[in-house]
Amino acid sequence: MNILLAGKTHQVSEGATGFDLFELREVIAMHVNGEARDLSHVVVAEDKVEGILIDSPAGLEILRHSTAHVMAQAVQELFPNAKLGIGPYITDGFYFDFDVAEPFVPDDLKRVEKRMKELVGKSQRFTRIEVSDEEAKRLMADEPYKLELIGLKSEDVQEGSVEVSAGGLSVYENTNPDGSLAWRDLCRGPHLPNTRQIGKSFSLSRSAAAYWRGNENNKQLQRIYGTAWATKEALAEHLDRIEQAAKRDHRKLGVELDLFSFPEEVGSGLAVFHPKGGIIRKVMEDYSRAKHEEAGYEFVYTPHITKSNLFEQSGHLNWYSDGMFPPMKLDSEVGEDGEVRKQGVDYYLKPMNCPFHILIFKSRSRSYRELPLRMFEFGSVYRYEKSGVLHGLTRVRGMTQDDAHLFVTQDQLQQELTSVLKFVLDLLRDYGLNDFYLELSTREEGNPKFVGEDAIWESATKTLEQVANDSGLELVADPGGAAFYGPKISVQARDAIGRTWQMSTIQLDFNLPDRFNLEYVGSDGARHQPIMIHRALFGSIERFFGVLTEHYAGHFPPWLAPVQAVCIPVADEFADYLDIFASSLKKEGMRINVDHSDSRMQKKIRDHTLDRVPFIILAGARDVEAGTLAFRFRDGNQRNDIPLEEARQLIRDAIGNKEQV
RNA sequence: GCCGACCUGGCGCAAUUGGUAGCGCACCACUCUUGUAAAGUGGGGGUUACGGGUUCGAGUCCCGUGGUCGGCUCCA
């Protein structure tokens with residue numbers, strides 16, 4: 001019979017499997033008509049077959065999932081009472097969940113890893129068995145969680161589930177070379193042919209609890225995470241990437257560079273910015289204000305607390321009170337006669353700025369001539385995030401949003417969204433972020449939680465989509481991801497080491513204009529409801545600060561750097577020369593100083609390099625004589641004999657053009 | 001919030017089976033006055049997160065509180 005092998009017609013005998021088709025050892029599975037299959041799979045006439053190499057994306061998934069199996073086998077050998085949860089591959093690795101009486105400790109992981117290496121050495125075969133539901137239940141009788149999955153399989157199968165799929169069930173058995181059964185699991189496959197192919201390039205990284213089937217009302221199982229690669233080199237590179245990422249962790253750099261801290265005395269998730277971090281933040285804020293001013297925004301200011309009725313009207317208290325700090329209760333005053341002299345009132349810290357901006361809009365009647373009306377505020381908000389989710393500056397309880405609310409007419413919507421998106425992207429580019437994609441979050445059809453008329457959703461979603469498409473950026477759909485009150489576009493940015501961060505969001509709101517009865521008088525003299533757009537570019541300044549710190553690994557470009565230049569005299573006698581130079585630039589507003597300390601020059605270079613100062617400027621006898629300076633940069637490069645005026649211009653340009661050096 | 005681990009001078013780390021807190025960097029002083037990543041000497045600084053308990057004795061053991069870290073769940 002004929003099959004199509006790697007695009008070419010091949011003649012193979014009846015009953016041929018992948019083992020007959022591929023000689024390369026690196027081929028560990030195959031795609032048959034687009035479906036990943038074991039090599040033991042029997043092909044039939046006209047099948048389209050492609051080999052899967054172990055180091056290809058599909059191959060690595062199979063390798064990782066197979067490694068997860070071996071891990072589970074090792075765990076059950078060492079902990080006979082451990083019950084199996086699920087064990088899928090994930091980015092860079094895999095995990096497996098177990099129900100065990102005692103959580104794993106680091107030493108357990110070492111034992112498991114050791115046992116895994118032994119199992120890999122045993123050359124056990126992965127054997128696939130297609131089974132009926134009844135057969136599956138019989139084989140997995142001791143595994144309550146697997147039984148639950150078997151019961152679920154027809155409905156409610158999660159996307160990408162590795163245990164079961166909507167089709168028939170299968171079980172994988174690991175068998176020893178002598179044919180004896182070593183272990184089995186309910187699994188969709190495919191797998192490597194043999195445990196030996198897992199090799200040595202895997203390691204277990206950590207264990208943690210995870211809710212069964214991702215639901216916090218379910219029992220927590222113990223999850224072990226691991227990473228697995230096709231080669232030792234690839235594993236080493238992976239571990240190195242993790243190490244590099246750890247080095248640019250903003251929490252670590254925040255301490256090292258003296259940027260910010262989280263005093264225990266203040267409370268969890270509440271940051272204080274130190275002078276150096278304060279400079280960066282101030283530059284960011286100043287620049288943001290200037291850009292907003294240019295773009296026709298008006299600045300407003302609103303208080304941090306409000307009486308409860310505002311958030312009752314907005315609905316926040318109803319929907320999100322768990323995420324708000326509890327109220328400050330002003331007790332009522334009751335006279336001796338029992339008469340209430342003063343009503344009790346609750347005040348809340350604001351978790352959002354929108355209701356305040358809405359009140360400004362409502363403070364008088366509005367004409368269509370005033371629209372689009374753009375209100376901007378650095379609004380500090382407080383959200384009672386669960387203690388376990390706090391993370392440095394990227395997830396905090398007190399933050400300042402660069403928040404704006406735009407009130408527009410239906411006709412203005414597209415134009416306004418287009419310019420907001422351009423505004424956002426331009427601003428992010430100024431911060432060295434220029435690799436973006438967009439995510440369009442839309443509502444789920446038929447879900448009653450989404451408010452607003454169908455027609456409005458439809459047209460607004462279409463408008464957003466059009467604006468997103470017109471931007472020319474990659475657009476990823478996020479169906480069902482919209483807030484209940486409107487669809488949104490979010491801008492995702494990739495940082496210097498390829499991680500993506502959700503940055504800006506542009507969100508339509510069909511709810512608040514309604515709840516607050518917003519209206520303007522149109523050219524027809526009638527009252528109309530404006531459309532409201534929420535948008536934040538940084539998201540929160542704190543979060544953006546954290547992301548930028550990691551993006552630059554603390555090497556802030558000169559325009560943001562807390563100290564832009566430090567001058568180091570080769571010997572004390574040249575300090576005056578540098579003082580004159582530095583003060584000339586200081587007058588221009590530059591953050592430059594001369595290091596007069598007692599340390600040796602080499603020591604000063606080291607200190608300021610570690611402090612990530614962009615320009616280190618040296619001068620000695622040669623320079624004083626020639627009227628020049630020597631530059632040293634953070635990467636160790638130097639430029640010598642630069643005339644004073646050229647040196648000034650070099651720094652001015654780098655700052656003015658927001659260049660990285 | 002849940003599970004687990006952790007919390008020692010500003011920072012990074014030590015302290016054998018519970019025996020009475022050390023080191024490096026930083027800081028201060030003095031000496032040295034230097035051409036591209038660490039000069040030398042001396043000095044100051046910790047009621048070991050906080051509160052309780054066990055013990056002759058607690059940084060080490062137990063309980064509680066706070067905080068941090070890694071996950072899970074969540075993120076208007």
Side-chain angles (χ1 to χ4, degrees), chain A residues 95 97 100 102-106 108 205-225 249 251-252 255-258 261-270 311 314-324 351-355 381 383-392 394-397 399 401 482-486 488 502 505 507 509 511-512 534 536 539-540 543 568-575 598-611 616-623 630-641:
Chain A
Y95 67 78
D97 290 343
V100 282
E102 295 291 323
F104 298 109
V105 298
D108 294 336
S205 33
R206 58 175 147 268
S207 65
Y211 297 105
W212 167 238
R213 300 187 63 220
N215 185 327
E216 68 176 322
N217 298 315
N218 288 345
K219 181 169 185 176
Q220 288 196 327
L221 306 181
Q222 293 301 315
R223 175 172 296 178
I224 301 181
Y225 286 92
D249 190 317
R251 295 168 299 182
K252 186 174 143 79
V255 176
E256 280 175 18
L257 301 179
D258 196 13
S261 61
F262 290 90
E264 196 178 320
E265 294 85 338
V266 179
S268 247
L270 299 167
F311 287 117
S314 71
H316 289 105
L317 265 175
N318 206 2
W319 301 311
Y320 306 116
S321 56
D322 284 354
M324 292 170 66
M352 302 208 90
N353 304 301
C354 9
V381 299
R383 299 178 179 180
Y384 192 74
E385 303 283 3
K386 290 183 194 170
S387 59
V389 307
L390 298 171
H391 184 95
T394 58
R395 195 81 183 267
V396 291
R397 284 182 172 161
M399 61 181 154
Q401 297 178 311
F484 71 89
Y485 52 77
K488 70 174 175 196
Q502 176 173 324
T505 57
Q507 171 112 43
D509 190 334
N511 182 49
L512 289 176
H534 305 253
S540 82
R543 188 180 135 84
I568 301 175
V570 168
D572 251 4
E573 53 185 301
F574 313 116
D598 280 345
S599 304
R600 283 170 154 63
M601 179 197 63
Q602 287 86 340
K603 170 70 168 156
K604 293 179 184 177
I605 290 171
R606 176 182 157 82
D607 284 350
H608 297 114
T609 303
L610 289 175
D611 218 24
I616 291 175
I617 298 167
L618 297 115
R622 218 166 67 204
D623 296 292
F631 278 65
R632 185 188 160 100
F633 299 92
R634 291 177 284 208
D635 61 3
N637 282 328
Q638 22 175 318
R639 285 184 62 188
N640 297 331
D641 308 315

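When reading the values below, keep in mind they use all heavy atoms of this one structure, side chains included, and skip hydrogens, waters and symmetry mates. These figures come from a predicted structure and were not determined experimentally. Naming: A, B, ... by sequence-line order, numbering from 1 per chain.
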Check your understanding: Using the C1' atom in both, what is the distance from G22(B) to G44(B), to the nearest Å?
Key -> 16 Å

Exercise for review: Using Watson-Crick or G-U wobble geometry with both distances below 3.5 Å, tell me the partner of C2(B), or none.
Suggested key: G71(B)

Review point. Between W319(A) and H316(A), what is the ring plane arrangement, given parallel below 30°, perpendicular above 60°, and tilted in between?
Key: perpendicular

Study note, to complete from the structure: K604(A) and S599(A) have their tightest heavy-atom pair at CE-O, 3.2 Å

Exercise for review: Can you tell me the pairing partner of C25(B) across any strand shown, Watson-Crick or G-U wobble, with both distances under 3.5 angstrom?
Suggested key: G10(B)

Check your understanding: In terms of heavy-atom contacts, does CZ of F484(A) have more than 12 from other residues, nucleotides or ligands at under 6.0 Å?
Key -> yes

Check your understanding: For the residue pair A209(A) and Q220(A), what are the closest heavy atoms and their distance?
Key -> CB-OE1, 3.5 Å

Check your understanding: For the atom pair CH2 (W212(A)) and NZ (K219(A)), what is the distance rounded to the nearest 0.5 Å?
Key -> 12.0 Å

Review point. Could you write nucleotides 63-76 of chain B as a row of B, S and -, 5' to 3', where a protein heavy atom under 4.0 Å of any base atom gives B, of only sugar-phosphate atoms gives S, and otherwise -?
Key: ---BSSSBBBBBBB

Practice item. Sticking with atom P, work out how far C50(B) lies from G9(B), rounded to a whole angstrom. Key: 9 Å

Check your understanding: Considering only the P atoms, how many Å lie between G64(B) and C2(B), rounded to the nearest integer?
Key -> 13 Å

**Study point:** Pair assignment for A38(B), Watson-Crick or G-U wobble, requiring both distances under 3.5 Å
**Key:** none

Review point. Looking for any heavy atom pair under 4.0 Å, which part of the strands does E256(A) touch: base, sugar-phosphate only, or nothing?
Key: nothing

Check your understanding: If you measure from CZ on R206(A) to CZ on F104(A), what distance do you get to the nearest 0.5 Å?
Key -> 15.5 Å

Check your understanding: In whole Å, what separates the C1' atom of A58(B) from that of A29(B)?
Key -> 37 Å

Point to revise | C7(B) and U60(B), which share atom name P, separated by this distance in whole Å | key: 10 Å

Check your understanding: With both distances under 3.5 angstrom, what nucleotide forms a Watson-Crick or G-U wobble pair with U65(B)?
Key -> A49(B)

**Study point:** Pairwise C1' distance for G53(B) and C75(B), with rounding to whole Å
**Key:** 40 Å

Review point. In Watson-Crick or G-U wobble terms, both distances under 3.5 Å, what is the partner of U33(B)?
Key: none

**Study point:** Smallest separation among heavy atoms of L512(A) and C354(A), with atom names
**Key:** CD1-CB, 4.1 Å

Exercise for review: Measure the acute angle between the ring planes of Y485(A) and H534(A), then classify it against the limits of 30° and 60° as parallel, tilted or perpendicular.
Suggested key: tilted

Review point. Looking at CE of M352(A) and CZ of R383(A), how far apart are the two atoms once the value is rounded to the nearest 0.5 Å?
Key: 5.0 Å

Review point. How does protein contact run along nucleotides 30-39 of chain B, one letter per nucleotide 5' to 3', with B for base contact, S for sugar-phosphate only, - for none, heavy atoms under 4.0 Å?
Key: --B-BBBBBB

**Study point:** Whole-angstrom distance between A49(B) and U68(B), as gauged at atom C1'
**Key:** 11 Å

Check your understanding: G51(B) and G19(B): how far apart are their P atoms, nearest whole angstrom?
Key -> 23 Å

